[in-house]
Amino acid sequence: MGNQIKKVGILTGGGDCPGLNSVIYGIMLKAYDASIECVGILKGWKGFLKNQTIPLDIAEHDDLHTVGGTILYTSRTNPFREVSSKEERAKELAKKFEELGIDALIAIGGDDTLGVADNLYKLANAKVVGVPKTIDNDLAGTHYTFGFWSAVQLASNTIDNLTTTAHSHQRVFVVEIMGRDAGFLTMYSGISAGADIILIPETPFDLERDVIEVLKKRVNAGYKYHILVTSEGAYPSLESLNQDFKTISKENIEKLPKDTFGNPLLSTLKISQIIVDELNLRDDLKEEFQKNDVDFECRSVVLGHTMRAGTPNSFDRILGLRFGLAAMKLVLEGTFGNMVSLQGNKIKTVPLSEGVKKKYITPENDKMELRDLLVKIRYLSKQK
Ligand code: F6P
């Protein structure tokens, strides 16, 4: 089987993240050893449609695994969007393999990119292998995606750093963290940096109970500055939205674009600024701060794309290389329609259709308990 493969195409799709180049290098190492040529397809499925390729000569890319971003560029292009027949489209796309001169394709991407790969495999029997990628870490088929821990470290360092300015001015900082509708990035970086309040999409928050009451308890316990971290997709409970919010209403929210589950995309509103605006309207909160000789001042910081920037950390370099190696081995074995994944510390294989399902933080996750203890025990212990 393996000797039928002479040239392998590689593409990267979706948002970039540290570790993409590490995967590419892992593939190239194994391919070179097996005398297989690699070709880079540019800008994900966009370049695939336009036959945009570059040669990938390993001699020209020493230590590529240490470099952030992707040398192949990326785009969010779905060639199956708005087509009348998926089967026909899949067959057309499979013919591109010949035009591109590739015998197999390794697609590195998130649920969209790998969903296309799955359609190609299922509907046109194309020789595709997937490598899961997203800094959000919200893919069910793998315990971790590369890029996630680099992003957590960046966000955690920034939150650590913000404490000095928060301390100097005795301010409240509301830090907004990427992750769409999944809270992994916020939860891990918030716990790592010891944030005082952590809001994630999986547990809709109550402004009064989870923010205002906690800030009052903290300031009364002697704390002079406070760091609240919120996911870009964190969402108030409907009850809290109706009762506590003055600057947004159910009606505003209903007009927003919706995610795949039909939830309004609050990230388009910038939840961190909404929280700041709401807190600024609360005279009772300001009085509580003043009683403790602190002027109430609140600022929002959106970490945004800084979280995807820079070089991969060691974990992500090694995970990327391992994924690349494993993906190339699947090509050599002739096992297609699967993606590589990390289960515990082992690299395993799962069907693309299973692997790309979404995952969220579940209530039994010990990080939930840690978050709640971190918030509660600090002010309680100071009150004694
Ligand atoms: O899915 C990765 C991610 O970084 C999300 O956390 C974020 O909401 C989104 O991509 C941002 O997308 P873009 O780079 O297109 O602005």
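Atoms within a ligand are numbered from 1 in the order they appear, just like the ligands themselves. Values below: every heavy atom of this structure, side chains too, minus hydrogens, waters and symmetry copies.
Looking from atom 7 (C) of ligand 1 to the surrounding protein, the closest heavy atom is Glu232 OE2, 3.5 Å. Arg180 NH2, 3.7 Å is the protein heavy atom nearest to atom 9 (C) of ligand 1. Annotation: atom 16 (O) of ligand 1 to nearest protein heavy atom, His305 NE2, 3.0 Å. Nearest protein heavy-atom contact of atom 6 (O) of ligand 1 is Asp136 OD1, 2.7 Å. Given atom 13 (P) of ligand 1, the protein heavy atom at minimum distance is Arg76 NH2, 3.4 Å. For atom 11 (C) of ligand 1, the nearest protein heavy atom (residue, atom name, distance) is Arg308 NH1, 3.7 Å.
When the options Leu207, Val211, Ile212 are evaluated for a side-chain contact (heavy atoms from CB on, under 4.5 Å) with Asp244, the one that passes is Leu207. Test Glu287, Glu213, Glu208 against Arg282 for salt bridge (Lys or Arg N to Asp or Glu O under 4.0 Å) and you get one pass: Glu208.
Taking 4.5 Å as the limit, every side-chain heavy atom of Glu278 sits out of range of all side-chain heavy atoms of Ile275. You'll find the side chain of Val340 stays beyond 4.5 Å of the side chain of Leu325, heavy atoms only.
Scored by the salt bridge (Lys or Arg N to Asp or Glu O under 4.0 Å) test, Lys50 finds no partners at all (sequence neighbours excluded).
Residue contacts with ligand 1, taken as heavy atom pairs separated by less than 4.0 Å, do not involve Met307 at all.
Residue Thr134 has no nitrogen or oxygen atom sitting less than 3.5 Å from a nitrogen or oxygen atom of ligand 1, judged on distance alone. Geometrically, ligand 1 and Gly179 share a nitrogen or oxygen pair separated by less than 3.5 Å.
Between the side chains of Glu239 and Ser237, no donor N or O sits under 3.5 Å from an acceptor N or O.
Hydrophobic clustering places Ile200 together with Leu374 (ILVMFWY residues linked when any side-chain heavy atoms are closer than 4.5 Å, directly or through intermediates).
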